[in-house]
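As structure tokens, the structure follows; a few thoughts come after it.
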Amino acid sequence: MEISAGIRASDAERDRFVRELGRHLGDGRLDLAEYDERVAQVYRSATREELQGVLADLPAPKQAPEQKSAVRRSRSRFPIWQRIEGGAWLGVSVLVLVIWAAISLGVGTFTYFWPIWVIGPWGAVLALRAATGIEAGRCHRRKV
């Protein structure tokens, strides 16, 4: 943890260091007696520099790839079911466009663009639901 020296430590910073020590205890880098001693040292520390000394001989925390992807997924604007529906819409749209193009090539001229009746209404409904947030839990329901 990179922290400026000489500045007084807050309770939130102390709690973060205690959580980090708990992670090292769980990983087996510390035994219970050393963990207790270091936690006591964290709560005795007045400055950030003293806090840094508690973790000086321990490796810096690394975020696992599955944690990174979970964080990335949770920050998405759209819920998972809307992303699945959007993927299905995109797949069907490409399929009907390929079918229309194959028919047009087979006939030798552009035929009536019927895929608009598949792509348009379905896409409009998905866009409306995403814009209003009805299924994402962002709309407010009236109490009756």
Side-chain angles (χ1 to χ4, degrees), residues 1-105 110-144:
M1 295 183 161
E2 187 176 323
I3 294 183
S4 303
I7 298 175
R8 298 203 49 98
S10 70
D11 288 339
E13 291 167 335
R14 287 185 190 94
D15 290 340
R16 192 172 63 232
F17 272 80
V18 169
R19 282 194 306 271
E20 185 66 23
L21 286 171
R23 188 180 68 80
H24 288 295
L25 174 68
D27 290 344
R29 291 187 188 96
L30 299 173
D31 62 1
L32 193 54
E34 190 174 10
Y35 170 77
D36 287 339
E37 179 183 313
R38 288 185 187 220
V39 167
Q41 185 180 350
V42 165
Y43 287 117
R44 281 192 311 263
S45 300
T47 63
R48 290 177 173 179
E49 187 175 32
E50 293 170 352
L51 283 177
Q52 227 170 359
V54 174
L55 296 176
D57 61 336
L58 297 170
K62 293 181 182 176
Q63 200 173 28
E66 62 273 1
Q67 291 174 337
K68 289 180 184 177
S69 63
V71 169
R72 197 175 318 130
R73 280 192 303 255
S74 66
R75 290 183 185 163
S76 177
R77 180 185 183 288
F78 302 105
I80 185 71
W81 59 85
Q82 284 184 342
R83 290 183 295 206
I84 291 170
E85 289 173 344
W89 173 81
L90 183 63
V92 169
S93 298
V94 168
L95 178 67
V96 295
L97 286 173
V98 167
I99 292 170
W100 173 79
I103 292 171
S104 294
L105 283 174
F110 287 116
T111 60
Y112 176 72
F113 190 67
W114 56 267
I116 193 69
W117 297 109
V118 177
I119 298 170
W122 189 6
V125 168
L126 290 178
L128 179 69
R129 286 172 39 199
T132 60
I134 291 173
E135 289 190 12
R138 289 188 299 264
C139 71
H140 300 287
R141 297 179 188 239
R142 291 182 2 191
K143 292 182 181 178
V144 179

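Each residue takes its place number in the sequence, starting with 1.
- Evaluation of the side-chain hydrogen bond (donor to acceptor under 3.5 Å, both in side chains) rule for W114 yields no partner, not counting sequence neighbours.
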Task: Worked verdict on D11 versus Y43 for side chain to side chain contact (heavy atoms under 4.5 Å, CB included) - done: CA-CA 9 Å; D11 288 339; Y43 287 117; over 6 Å; no
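- The number of heavy-atom neighbours closer than 6.0 Å to CZ of F110, taken from other residues, nucleotides and ligands shown, is 12 or below.
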TODO: For side chain to side chain contact (heavy atoms under 4.5 Å, CB included), just list the numbers for R14 and L51, CA-CA rounded to whole Å, side-chain angles, deciding distance to a tenth of an Å, and then say yes or no.
DONE: CA-CA 8 Å; R14 287 185 190 94; L51 283 177; 4.2 Å; yes
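- Side-chain atoms of R23 and R29, non-hydrogen and from C-beta on, do get closer than 4.5 Å to each other.
- At a threshold of 4.0 Å, the pair D15-R19 does not count as salt-bridged, since none of the basic side-chain nitrogens sits closer than that to a carboxylate oxygen.
- Rounding to the nearest 0.5 Å places CZ of R16 at 7.0 Å from OG of S10.
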TODO: Tell me, with the steps shown, if V42 and R38 meet side chain to side chain contact (heavy atoms under 4.5 Å, CB included).
DONE: CA-CA 6 Å; V42 165; R38 288 185 187 220; 5.5 Å; no
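- Note that the CD atom of E13 and the CZ atom of R8 stand 11.5 Å from one another [nearest 0.5 Å].
- Using a 4.5 Å heavy-atom threshold, the side chains of W89 and V118 count as separate.
- Between I84 and I80, the closest side-chain pair of non-hydrogen atoms falls below 4.5 Å.
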Open item on the list: One pair to check against side chain to side chain contact (heavy atoms under 4.5 Å, CB included): E20 and V54. What are the steps and the verdict?
Closed with: CA-CA 10 Å; E20 185 66 23; V54 174; over 6 Å; no
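- Checking each of L90, V92, V96, V94 against I119 for a side-chain contact (heavy atoms from CB on, under 4.5 Å) leaves exactly one that passes, namely V96.
- In this structure, the ring of Y112 has its center no less than 6.0 angstrom from the ring center of W100.
- The CD atom of Q41 sits 11.0 Å away from atom CZ of F17, with the distance rounded to the nearest 0.5 Å.
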